[in-house]
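See below for the structure under consideration.
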Amino acid sequence: MIDIYIMGRRYQVPEGLTIIQALEYAGYKLIRGVGCRAGFCGACATIYNNKNDPQLRYALACQTVVEPEMYLVQLPFFPAGKAFYDLGKIKPSGEVILNLYPDIVKCLGCNSCTKSCPQDLEVMECMSDALRGDIAAVSIKSFDCVMCGLCAARCPQGLVPYNIALLCRRLYGRYLSLPSKHLQDKIEEIAAGEFDSELEELKNMSEDKLRQRYKERTIEPP
Amino acid sequence: MYPTEMEKSIAKLEATRERRLKETFPRLSLDEIESLLERFHPDFWAEGTRQLGVGPNKGDRAPKELADLLEGKSYIDPDQIDLGKIDYDVDVLIIGGGGAGASAALLAQENGASTLLVTKLRLGDANTVGAQAGTQAADRPDDSPAIHYLDTMGGGGFHNIPELVEVLVKDAPLVIRWLESLGVNWDKEPDGSMHELPGGGTSRNRMHAARDYTGLEEMRVLRDEIRNRELNVLEFSPAVELLLDSNGRVAGAILLDLETNELSVVRAKAVILATGGSGRLHYQGFPTTNHYGATGDGLVLAYRVGAKLIFMDTMQYHPTGVAYPQQILGQLVTEKVRTLGAQLVNTEGEQFINPLETRDVVASGIIRECQERQKGVVTSNGQCGVWLDSPMIDIIRGRGTIARELPAMVRQFTRFDIDITRKPILVYPTLHYQNGGIRIDASGATGIPGLFAAGECEGGVHGRNRLIGNSTLDIFVFGRRAGKAAAQWGKGVKPGSLSLEHIHRWQEETARAGLSSRPASPRLLPDYTRHEQTLASLTT
């Protein structure tokens, strides 16, 4: 058993648990601060340090194993600002980013956001890319963001990097990524009813015949 | 890193890799598949299910854990609720905040309805965010909705409801374009065409992915769109009962605020259930890939107002749940690892199943390898598993493929000091998906007037086994359809007076059936707070 401190109170928990498991072992029935339990939803953002090392560290509680003498607290919610926009009515430009998130110019370059990211993303770089209007770069670099909110919580200037990055990715997806011709073609073919008779035939087919058709289908190489 | 004992088995796997790179394990015939499933698939373990004693599916089998809740008693005393005091009054109430609920809310709003979306945790805390491999849509020139239809029917054991599969495959390319118009970033080739991979049971390469963060990408975009349109959302507010009106139509719900324990009354002209799956009920003791709130609440609510469930005796066990390390036991190792070329290998370094069979078949093959053939790898915790030979991917497709296509998986295992570009992954089946659910028609209507359902809580689309990439398709196809249909339905409805009479009737019916001692349901959240838990029994 090891000692950990949850919001300052000491608990003894077995070694090897994740922080989420340790909280539950200690008796907390979680409502906030828990979600997918697999590292994707960002609900369990956690801030911690150790008894003998005041340096703050950041983690997803479901993906991090408890250490002896860990002092931890979860970030159940953070009042991060979000710009409201109609994606269909804005343009993919640096000017739009600046209009929607004017505080971005206040970035001090302190790198607190990057240091706080439990996904190890280059958050500050994303912010300087966004400032320059390089939407593609932000999209690529921020892609693995789980929107846990730690970057916004740590930014001394009140920036909300994860929402700025989301704006950039949405602009990229809608406007900058080249359209897929074969997708468009297929949508038109479906609308024109090109597959209706074949689907109707399959729908009304006896199970035996359908099984036969299934067995005979060709499988495209990967 | 892996312990020495496991490294010995890895050495055998590495010794056969060069030979295996040239081998394709033959696919099974339909007869062989049926026999394998009957012998090894958990759906066929008789002790796992029992007959329901009450309700619209009385006499049908369901997993025991779910059956207890379906027969359960209400949290509320209907006589203590003042239905004259209406806290929220809207056209369409959406219960559930994952991909299906979000799509339904957006489409209901677009079709002129006032909406309220309520969800148990936060908006977006749902199985959608954990979906990794992608979304199916037949949009390439040599593919078609008809081929997608055939694949889906075969995957479901030919039990799927044809009308539902038809709209699933026909709407699919539209859904991909809709998501892109909202700003989803699909993986693409340099010319803009979709970068598409195969999946287990798909005869064409039609998985549309966003790295291995597909569901997260879809969900964070939809969530942002809901916020941009300033739609009403109540978080931490699950529904604990549906309301009917004096005409027997579904007319709202009772909500429970999880933080203050207050109840509130929503009146609505139509209700859409989008409550997702039930992996957190841990059927047959399996770990799960599901999010914390996946407790099958919508099934319980629907059942109490008389909605019929379908295929409740079949669950999907994802073949490749994490078997090591223990801290992330049962978490998802995306099927994309296999679609990119990784083989499944036993402790002797030999393949035993084609990795791109459907999930029910691959899961059964792994269970057979561990149980009957005793060729699994057993960890120090006693967990059996087989190897998923991930390093093959970079050999086949070039160095850097794993890092590019599977960043979530790389990150997941790096956190536990395992480098999946160099070492294989130990896997064992994990509870992943509720194949069945509330019976719907192609518009998402349940047959109970005013009640619609979308996403994992509905059933029939996938038959008895869902294919990869068809759930993140289902949630958008049927979420959109239900949103539109509910908004239109609501235009013709004048709600009568609200009633909880059906709860009285339910209590009488369960008492007559001798089931009064069943637990209160819906379950809402699992309870993992037991102090006596040992490390091996803790849940990820």
Side-chain angles (χ1 to χ4, degrees), chain A residues 14 16-18 21 24-25 27-31 34-41 43 62-65 82 84-87 119 139 143-144 146-147 166 169-174 177-183 185-187 190 195 198-199 202-203 207 210-211 213-215 217-220 222, chain B residues 30 121-122 125 129-130 139-141 144-146 149-150 153-154 158 162 166 170 173-174 176-177 180-185 188 191-194 198 203-205 211 213 216 220-221 224 227-228 236 258-259 289 291-292 327 331-332 339 341 407 411-412 415 527-529 531 533 535 538 540:
Chain A
L17 304 186
T18 62
Q21 291 165 337
E24 289 170 339
Y25 186 91
Y28 286 81
K29 182 165 180 179
L30 302 172
I31 296 173
V34 59
C36 73
R37 304 175 73 103
F40 288 89
C41 77
C62 70
Q63 298 294 302
T64 309
V65 177
K82 180 189 141 39
F84 296 88
Y85 49 89
D86 180 341
L87 190 69
Q119 295 285 87
S139 302
F143 202 83
D144 300 355
V146 295
M147 304 188 68
L166 178 62
R169 288 194 306 273
R170 291 190 68 187
L171 286 169
Y172 187 84
R174 177 163 177 136
S177 129
L178 292 174
S180 175
K181 184 174 180 310
H182 65 82
L183 173 66
D185 290 349
K186 198 65 84 184
I187 288 170
I190 292 170
F195 305 99
E198 198 182 350
L199 277 168
L202 289 171
K203 266 168 61 192
E207 188 180 320
L210 199 61
R211 281 172 179 270
R213 185 76 76 90
Y214 182 74
K215 272 192 266 186
R217 80 203 203 290
T218 56
I219 295 182
E220 178 181 12
Chain B
L30 285 175
L121 298 169
R122 305 171 311 165
D125 282 340
V129 290
D139 58 15
R140 286 169 54 247
S144 80
Y149 179 95
L150 197 56
M153 293 298 289
F158 305 95
E166 179 187 27
K170 277 179 77 172
L174 270 174
I176 298 293
R177 185 176 67 180
E180 185 165 54
S181 76
L182 289 171
V184 164
N185 290 217
K188 289 186 163 187
D191 68 352
S193 58
M194 295 286 171
S203 65
R204 296 289 183 277
N205 304 343
R211 302 188 184 171
Y213 284 108
L216 171 65
R220 63 195 177 189
V221 163
D224 196 50
R227 289 185 178 148
N228 276 347
F236 301 99
L258 283 183
E259 296 186 308
T289 60
H291 84 106
Y292 185 55
Q327 288 90 352
Q331 289 182 18
L332 182 61
T339 72
R411 188 175 275 117
Q412 165 109 295
R415 283 171 173 147
D527 187 356
Y528 295 141
T529 58
H531 283 268
Q533 280 192 129
L535 178 55
L538 274 169
T540 52

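Protein chains get the first letters and strands the later ones, always in sequence-line order, with residue 1 at the start of each.
- Most heavy-atom pairs under 4.5 Å with chain B, from the set A:Leu171, A:Leu30, A:Asp144, A:Thr64: that is A:Asp144.
- Heavy-atom pairs under 4.5 Å with chain A were tallied for B:Thr289, B:Asp191, B:Leu332; the largest tally goes to B:Asp191.
- Counting heavy-atom pairs closer than 4.5 Å to chain A, the top-ranked of the candidates B:Ile176, B:Leu182, B:Asp224 is B:Asp224.
- Of the listed residues (A:Lys215, A:Arg169, A:Arg213), the greatest number of heavy-atom pairs within a distance under 4.5 Å of chain B belongs to A:Arg169.
- With sequence neighbours left out, B:Arg227 forms a side-chain hydrogen bond (donor to acceptor under 3.5 Å, both in side chains) with no residue at all.
- Between A:Gly39 and A:Cys62 the shortest heavy-atom distance is N-SG, 3.2 Å.
- Checked by atom type and distance alone, the side chain of B:Asn228 never pairs as donor or acceptor with a backbone atom of A:Asp86 at under 3.5 Å.
- Each of A:Glu198, A:Met147, A:Gln119 has some count of heavy-atom pairs under 4.5 Å with chain B, and the biggest count is that of A:Gln119.
- At most 12 non-hydrogen atoms from other residues, nucleotides or ligands lie less than 6.0 angstrom from NZ of A:Lys181.
- Relative orientation of the B:Phe158 and A:Tyr214 rings is perpendicular, given thresholds of 30° and 60° on the angle between their planes.
- Looking only at heavy-atom pairs under 4.5 Å with chain A, the residue among B:Asn185, B:Val129, B:Val184, B:Leu121 that has the most is B:Asn185.
- Scanning all heavy atoms of the two residues, the minimum distance from B:Asn205 to A:Pro222 falls at ND2-C, 3.8 Å.
- For B:Arg140, the parts lying near chain A are the backbone and the side chain together; criterion is any non-hydrogen pair under 4.5 Å.
- For the set B:Met194, B:His291, B:Arg211, the entry with the most heavy-atom pairs within less than 4.5 Å of chain A is B:Arg211.
- The greatest number of non-hydrogen atom pairs below 4.5 Å with chain B, out of A:Lys186, A:Lys203, A:Arg170, is found for A:Arg170.
- Judged by distance alone, with hydrogens and angles left aside, the side-chain atoms of B:Lys188 form a donor-acceptor pair with the main-chain N or O of A:Leu178 at under 3.5 Å.
- If you tally non-hydrogen atom pairs under 4.5 Å between each of A:Asp185, A:Leu87, A:Leu166 and chain B, the highest count goes to A:Leu166.
- Proximity to chain B is limited to the backbone of A:Tyr28, based on heavy atoms less than 4.5 angstrom apart.
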